[in-house]
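Sequence lines set the chain letters: A, B, ... in the order given, protein chains first and strands last, and positions in each chain run from 1.
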Amino acid sequence: MKRLHLCCLVVAMALPLWPSTASAQLEFGAERPRVFSIQRRPYRLGHEFQLGLGVLPLDAFYVGVVATAGYTYHFSDFWAWEIAGAGYSLNIGTGLKGHLFDEYGVEPVQGGGEQITVMASTSMVVKPLFGKLAIFNADVIYSETFFVAGIGPLMKGDFWRPAINLGAGMRFWSGPALSWRLDVRDYLIFSSWVPENSLFLLISASFNYYNADEHEGDTEWPD
Amino acid sequence: MARLSTAAVCCAAALQWVAAPSAVFAQEKGEAGAAQATEAKAAKEATEATEATEATEATVEAEAESDIEVDVDPEIFDLALEDFYDGRYAEAAAGFWGYIHFGEPAAENYEWAQYFLGECLRKLGFWHAAVLYYYTVAATRQQPEILPDALGRLEAISRRRPYSESLVLEDLLYDSEFGFLPDYLNDWVQYVQGLYDYRNGFVDWAQLHFAKIAKDSPYALRAMYVQAVFALKNDKDDEALAMFDTIVDSPIDAPDVKNRSNLALARLLFDTSRYSDAFETYREVEQIDLSFEQAELILEKAWAAYFMGDRRTSMGLLHALEAPSYEGFFLPDAYVLRGLIFKDLCHFIPAKRVVRSFRFRYQRSLEMLRRRVPMARIPGILDAGTQEGQVGRRTAFLRTLEQERRLIEDYDSYWEDVELDKHLRRVYDLEIREQSRLWNIEFRDSSDGAALELLEVEEQVNLLDYEIGLDIFKRLKADQARRSTEQGLTIPYDSANVYYEFDEEYWNDELHSYKYFITSRCFESNKGP
């Protein structure tokens with residue numbers, strides 16, 4: 001009886017060690033097949049012209065409403081260079097400056113009152129994520145996620161300051177020539193050795209001109 | 001041996017398929033010769049006389065044999081018309097029906113009332129009843145000015161919905177002279193008359209009808225399609241090929257017939273062992289997503305890819321067929337192809353599993369077949385016998401009839417005073433009975449075909465099983481014991497193509513683009529996937 005209990009115990013302990021994928025391994029061994037759907041990219045980018053409207057939300061003293069324009073050249077489906085991007089910020093005060101003066105009789109110092117008015121940058125773009133999304137189970141939309149890193153001057157107050165920008169964004173296509181972008185970028189502005197931080201949110205429309213001959217030379221398309 | 005037999009099965013099936021989309025000629029086989037054609041015509045006329053009468057008797061009787069004699073105020077028609085234009089179709093239908101049912105056929109607006117009753121019923125979703133009234137207006141032709149409208153409705157319905165083909169095409173159009181008609185309706189009438197002449201063996205007459213179709217009409221292409229299928233049936237493959245090519249290249253906007261021509265062309269190319277051309281042509285064919293026709297197309301493409309030697313594509317297409325939406329379709333030779341590919345690549349255990357899964361899926365049906373259980377009671381055969389061709393269309397029509405009959409309940413309160421609901425129930429019951437009778441006749445043939453196909457595939461699978469067993473224990477010489485070198489799978493990170501790895505989720509747009517990357521385990525051969 002005791003031996004039976006011992007057997008049961010051994011079996012119970014051994015069960016979790018039993019390989020759960022035994023059947024799959026039996027079927028194909030190490031040469032398990034992989035299945036891919038290989039499709040031609042439905043939308044490809046070449047020369048991209050961008051117009052957008054953004055916001056600088058982080059500064060407590062003002063909110064910048066930024067009109068932007070840009071041009072990006074896409075080397076491939078992975079690499080692109082945003083050759084030029086520029087924006088003009090229309091700044092709206094939050095009332096904090098007046099409130100501080102009225103209540104406490106103080107004014108911001110050490111650049112605290114300086115506002116960004118003009119932004120310019122040139123950036124590298126990588127686009128590692130491309131996919132499709134089912135929308136309401138009724139349609140499919142194509143989307144891309146990209147990352148940017150760039151440099152460029154910003155006019156803050158009365159001076160041009162060097163800045164680095166890092167960010168990410170998503171693009172949704174509504175056709176081969178038109179797509180919509182949502183960009184989130186962080187500007188590190190070097191007014192001194194310690195950079196100031198400024199977040200920039202941007203929604204833009206991108207107009208694309210894609211010349212198949214320029215990009216597709218001897219591309220092999222899937223069957 | 002198994003591979004050869006499979007090819008034979010495939011080719012035979014392809015030939016059958018070439019004829020199948022034509023559904024046009026489904027019943028024609030063996031009807032060659034003028035004597036037979038005359039007999040067929042005589043028999044058809046006899047059947048027509050009874051069927052046409054039966055199909056419309058409910059309408060006509062109910063209209064003409066009113067028990068209640070009342071004077072119908074002509075204003076009823078105007079009031080019903082007002083309801084119609086205000087979008088109150090149920091009320092309008094009751095008004096028009098009252099006008100027809102209680103009134104005299106000689107009344108001024110009698111035919112208009114019939115036409116508008118048809119319109120109301122169509123708007124309410126009673127397509128068959130609407131067809132009956134359009135038919136009545138077109139058949140009696142008391143007021144010729146309504147004829148183009150009624151025929152126009154019938155033409156549109158014939159392109160878009162299941163309908164009573166015998167009523168509209170045979171009884172109304174085939175033997176009728178309509179006089180002057182607008183061009184597009186004349187083309188339709190000539191096409192139908194030509195088609196039925198072809199079916200009945202009156203080829204010269206058919207060609208006369210087809211010659212009257214405008215050259216830029218979609219019906220001209222349909223007529224050419226009929227001629228191409230006829231040529232195919234008479235072993236004039238080159239002639240058929242040329243005609244299908246002409247249809248495909250025609251600038252006329254007729255996507256459905258071009259699609260069918262592409263499919264016929266692909267099957268013809270497959271049949272002549274031009275697999276690459278066939279595969280390219282199959283790619284031009286568009287089918288409704290997740291339909292049986294699409295599943296059939298995927299399987300045909302898989303066979304073409306297999307004969308081209310592209311096993312990755314072939315297996316990818318077979319992988320698509322495993323999508324849940326295709327699960328219920330009768331495509332037994334998919335198992336043969338999958339098993340063959342696994343065997344070719346020396347994956348013997350998966351090949352054995354394919355054999356086992358075929359038996360798991362069809363064993364019960366096969367046993368029932370051997371016990372001579374009636375075909376309609378064998379689940380697989382019932383599905384197989386009704387999924388395409390004439391019987392498939394009749395099944396769809398029967399379903400529509402049943403749905404529409406159920407819909408009558410929604411309008412009981414509007415119609416019970418004039419008993420339109422009772423009348424419609426009678427119309428639908430009669431049509432369902434008639435269509436069921438015809439369905440039974442057609443199902444007998446189609447189910448025989450499906451049963452035969454299943455038995456043949458079982459034989460193929462048994463052979464395959466045997467060959468796998470032989471291959472497993474095949475002896476090798478020492479110098480053959482090396483693995484074949486083959487190109488590995490490389491996925492570029494930056495490419496104009498997107499690689500979506502399958503993750504247990506089927507996307508409709510991916511069904512035709514799967515690639516199945518599997519390495520060959522064979523030693524001595526140079527077989528690569």
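The side-chain heavy atoms of Ile38(A) and Arg312(B), taken from C-beta on, include no pair separated by under 4.5 Å. The side-chain heavy atoms of Pro33(A) and Phe517(B), taken from C-beta on, include no pair separated by under 4.5 Å.
More than 12 heavy atoms of other shown residues, nucleotides or ligands fall within 6.0 angstrom of atom CD in Glu501(B). With a 6.0 Å radius and a threshold of 12 heavy atoms from other residues, nucleotides or ligands, Gln287(B) has its CD atom above the threshold. Within a 6.0 Å radius of CD1 in Ile203(A), other residues, nucleotides and ligands contribute 12 heavy atoms or fewer. For CD1 of Ile288(B), the number of neighbouring non-hydrogen atoms (other residues, nucleotides, ligands) closer than 6.0 Å is 12 at most. More than 12 heavy atoms of other residues, nucleotides or ligands sit less than 6.0 Å from atom CG of Asn197(A). Around atom OH of Tyr71(A), more than 12 heavy atoms belonging to other residues, nucleotides or ligands sit under 6.0 Å away. The environment of CZ in Arg364(B) is sparse: at most 12 heavy-atom neighbours from other residues, nucleotides or ligands sit within 6.0 Å.
For Leu511(B), no part lies near chain A; criterion is any non-hydrogen pair under 4.5 Å. Contact of Lys132(A) with chain B is made through backbone and side chain together, with heavy-atom distances under 4.5 Å. The contact between Asp509(B) and chain A is made by backbone and side chain atoms together, counting heavy-atom distances below 4.5 Å.
Here the CZ-OG distance, from Arg41(A) to Ser495(B), works out to 6.5 Å after rounding to the nearest 0.5 Å. We find the CH2-CD distance between Trp507(B) and Gln39(A) to be 10.0 Å, quoted to the nearest 0.5 Å. Atom NZ of residue Lys515(B) and atom OG of residue Ser37(A) lie 10.5 Å apart, to the nearest 0.5 angstrom.
For the pairing with Tyr493(B), the ring-ring contact (aromatic ring centres under 6.0 Å, His included) check across Trp79(A), Phe130(A), Phe78(A) returns one residue only, Phe78(A).
Asp494(B) and Ser76(A) make their closest contact through OD2-OG, 2.5 Å (heavy atoms, listed as atom of the first residue, atom of the second, distance).
Residues of residues 135-151 of chain A lying under 4.5 angstrom from chain B, judged on non-hydrogen atoms, are Val140(A), Tyr142(A) in numerical order. For residues 169-191 of chain A, an interface with chain B (any heavy-atom pair closer than 4.5 Å) does not exist.
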